[in-house]
Every structure is written in structure tokens, then in C-alpha cells.
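One structure is given here, and the rest of the page talks about it.
Convention: sequence-line order gives letters A, B, ...; per-chain numbering from 1. Bear in mind that the values here come from a model prediction, so they are computed numbers and not experimental data.
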Amino acid sequence: MSTITWPDYRCDNNGKRCRILRVQLGEISLVRLAEGHLETVRHWRNDPDVNRYLFTRDVISSARQRAWFEQVSSDPDQHHFVTCFRDAPIGACYLRVHPERRCAESSYYLAPGRYRHTAIAFLPALLLHDAGLHQLGLTAIEANVMRDNQAAIRFNHRLGYVECDTRDAICHMQLTRPEHRKAYASLHQLALRKRRIPASSATSPSNATTLNSANNETP
Amino acid sequence: MSNLLYATFARALGITEDRVDDALTYNTIPEWDSTAHMILIAELEAAFDVMLDTDDIIDMSSVAQARRILTAHGVALDA
């Protein structure tokens, strides 16, 4: 039976509330959304290939993006992240916590590019769920997906979500700790695989060690 | 071995084998989504007894690319 490697967290605690700054597993990390990310995220968010799956499809201006950032930054129940692969931003995700119910809504997307439609897409979602269910101590994560987005529904099922309301055009799904744990155990090793060693250095043991040590990198 | 490659893609993507050829890429069929890609990686590793690295997984965007990657792992595939 293989060992489970849990993500590394960097957090600060503002009073009793945990603020997650970074979550990392192997070469995938979630980095708390900062002012410097705003334009990149706005361009992704306005891309028709991302926008068509969102509930709010307005084109977002810089001013509106900034106003939104100021609002969510001061809300301790909103946790917005940029997803990074090898420290390069590739997507965004968030948890919006409902403290009275001890659950959160989740949302994630990858920017158009080479990582979409690949298995790598599972990793930020796994980390986001782990952050909510373990670091923030929530009992469930919820996702609302447009029913015609069958790829997202299938994706969420693989992450352990179950459908809990099928009445309307939106598929309401819920993930609990036991189901997350099972999904995490089966998928997380994907983040810990070796990086390709360039042919020219394949015989150098010292270089191989460097390339494979990304998981131990200080966040 | 090409038949095995095509059969593996067909099984992973849930399509018939006659839809698989080297020109098949991720953006040409709706069946190729992240979940199918995850299944595809597991099926290719099992069928050809290889362990793909992260870069192989990211680069696995077509049947032709899979052929190149598997060949680089020492799998003998017919042209």
C-alpha cells in the first residue's frame, strides 16, 4: 500500500481565522491571490474559452477587477488562489466558506493552454479540497456546475463529489472528507512524479537529485 | 503494437477503434477531457509497462505524440 504525501501549507492566523498563503504538493502549488496576479487572472476570466462555463459572463474591466479584489481580500471567508505549475501561473481557484454550515463552495479553472484537457487539471482541485477539508476544518465542499458541462461533472465525480440536487439546470454536488481522502489517495501521486531529465544530463546523478527534489523545496 | 496503441486510446476515451489514428489529438473530439486523459495515462502505463514522467503526461496530446513518448521509453511500435 503506497504512502500518502499530504500537501505543505503556509498560513497565517489573523485572530482565530486561518489565512492560507500557499499550498504545495510536488510541482503544483496554490498561491494566495495577490495584486500582482490581477491582470493575468482578468485576462483568463474574460477569455471566451473560460467565460462560457462561468455563471457570470460579463467582460470584467480592470477597475471592476480591482474593486472585486479589494472586497474579497478583506473577507476572511474567501480564499482565492492562483494555481502554479513549476511556479508559473496556469489557472485560478477559490473556496467561499459558509461558516455557519462549515462548508465552502469551490470553483477552479485552468487558463487556455497546454495543461487543460490533461490529468494535471486534477491537482489544483485536490489541493483546494484538502485546504478546505483539512486546513480550514470544513465538513464539506460544494460545487455548482452547469448541467450541460458534462466534462466538469465527470471531473468532479472522479474527485469524490456526489450529486445532491438534480432539479434544475445546475448540478449541485458535494464532497465530504471520506470521499476526498479516497480521491486524494488515488490521484495525488501524479503531483509527485519525476520531472523529465534532459538527455544530455541523464547520466549525472547530482543533476537527477536536483530535478527530483522539487517536492522538498521551501515554499 | 500499433493496434494495441489504438485499442488503448479507444478504451480510455470510450470511442470505437476506427476513430483512432495517429492524427487524433485532444482538441478534435469532445471525449478527450481531463478525466479521459487521466484514464489514458493509466491505460498506457499498464498496456506498455512504462512509468511516464510529468512532462510525458503533459505532452500526451495526440496519438502521434504518444507513439513518440512510448518509443522514447523503449517500447517498440510499428509505424
Determine whether Tyr26(B) and Thr118(A) satisfy the following criterion, side chain to side chain contact (heavy atoms under 4.5 Å, CB included), listing intermediate values before the conclusion. CA-CA 9 Å; Tyr26(B) 76 94; Thr118(A) 75; over 6 Å; no
Can you measure from NE2 (His117(A)) to NE2 (His37(B)) and round to the nearest 0.5 angstrom? 10.5 Å
Using 4.0 Å as the upper bound for N to carboxylate O, is an ion pair formed by Arg114(A) and Asp59(B)? yes
Contact leader toward chain A among Asn27(B), Ile41(B), Thr54(B), where contacts are heavy-atom pairs under 4.5 Å: Thr54(B)
Does any heavy atom of chain B fall under 4.5 Å from the side chain of Phe155(A), the backbone, both, or neither of them? both
Could you state the interatomic distance from CZ (Phe85(A)) to CD1 (Ile58(B)), rounded to the nearest 0.5 Å? 3.5 Å
Counting only N and O atoms by type, is there a donor-acceptor contact under 3.5 Å from the side chain of Arg195(A) to the main-chain atoms of Asp55(B)? no
Which portion of Ala72(B) sits near chain A, non-hydrogen atoms under 4.5 angstrom: neither
CD1/Ile57(B) to CG/Leu190(A) distance, rounded to the nearest 0.5 angstrom? 5.0 Å
Segment of Leu187(A) engaging chain B (4.5 angstrom heavy-atom cut-off): side chain
Chain A shares the most heavy-atom pairs under 4.5 Å, among Met51(B), Met38(B), Glu31(B), Met60(B), with Met38(B)
Tell me, please, which residues at least two apart from Arg181(A) pass side chain to side chain donor-acceptor pair (under 3.5 Å). none
Ion pair Lys194(A)/Asp56(B), N-O distance below 4.0 Å: no
Counting only non-hydrogen atoms closer than 4.5 Å, does Leu40(B) touch chain A with its backbone (N, CA, C, O), its side chain (CB onward), both, or neither? neither
Checking an interface table here. Which of residues 129-154 of chain A come within a heavy-atom distance under 4.5 Å of chain B? Ala151(A), Arg154(A)
Say you draw a straight line from OG of Ser34(B) to CD1 of Ile120(A); how long is it, rounded to the nearest 0.5 Å? 10.0 Å
